[in-house]
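Everything below concerns the one structure shown next.
So you know, we letter chains A, B, ... as the sequences are listed, proteins then strands, and number each from 1.
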Amino acid sequence: QKEVEQDPGPLSVPEGAIVSLNCTYSNSAFQYFMWYRQYSRKGPELLMYTYSSGNKEDGRFTAQVDKSSKYISLFIRDSQPSDSATYLCAPQTGGGNKLTFGTGTQLKVEL
Amino acid sequence: DTGVSQNPRHKITKRGQNVTFRCDPISEHNRLYWYRQTLGQGPEFLTYFQNEAQLEKSRLLSDRFSAERPKGSFSTLEIQRTEQGDSAMYLCASSPGRVPYEQYFGPGTRLTVT
């Protein structure tokens, strides 16, 4: 079993929809929870991160972590075609020695 | 542009050849990481440096792989006697080295072994 599980999709939604992207993890030592966006044949781009449990909002994006259930979520409001990309969750321990990535969820926002 | 840069962007090599990739981190970032990504998968950790010291290596990093960061600035990743299974995107990231240790990635080097 992988340390981080993520549904690979693809997930197709209409423009303006609310998107929910999710990961589960098994390592209780994870403290920081990053979300990256990756366009085809590009490097991952850091979107946002949260520390421990709780919510964090940045514009149209909200990240949520529930450490009791080891569940990570990213919500995208008013989705746009430019949001079409692969979204990767990547938790890490407090020492910051490495990110452990999920497989990524491919999102397509259609006009 | 002051982001992470990687060279070359693409490399095609024949099986058995040696290849070397270079990564230039964001200025003043003291941590530098290497990851490998294959199609349909998330990046997998290979190794990381704090300044010039290599602090951790994944078991994915076989004896054919070696990484250096001689002056604590740029880093090189060398693969000796390449195999077809080495074909992947090699990603470099840097971090300021303090919590939350957010990592910023370069565009990657795509290696194809024929």
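- The parts of A/L99 that come within reach of chain B are both its backbone and its side chain, each placing non-hydrogen atoms under 4.5 angstrom from that chain.
- Chain A forms the most heavy-atom pairs under 4.5 Å with one residue out of B/G108, B/P43, B/G42, and that residue is B/P43.
- Comparing A/T100, A/N97, A/V4 by heavy-atom pairs within less than 4.5 Å of chain B, the highest count is held by A/N97.
- Comparing A/G95, A/G102, A/G94, A/G104 by how many heavy-atom pairs each has under 4.5 Å with chain B, the most go to A/G95.
- Note on B/L91: it clusters hydrophobically with A/F101, by side-chain heavy-atom contacts below 4.5 Å among ILVMFWY residues.
- Inspection of non-hydrogen atoms places no residue of residues 56-76 of chain A under 4.5 Å from chain B.
- A pairwise comparison of heavy atoms in B/T82 and B/K14 identifies OG1-O, 3.3 Å as the closest pair.
- With a threshold of 4.5 angstrom between heavy atoms, B/R31 approaches chain A through side-chain atoms but not through N, CA, C or O.
- Looking at A/P8, neither its backbone nor its side chain comes within 4.5 Å of chain B, counting heavy atoms on both sides.
- There is no contact between A/Q31 and chain B, counting heavy-atom distances below 4.5 Å.
- Neither the backbone nor the side chain of A/Y51 has a heavy atom closer than 4.5 Å to any heavy atom of chain B.
- Using a 4.5 Å cut-off between heavy atoms, A/Q92 touches chain B through its side chain atoms alone.
- Contacts of A/K98 with chain B are made by both backbone and side-chain atoms, with heavy-atom separations under 4.5 Å.
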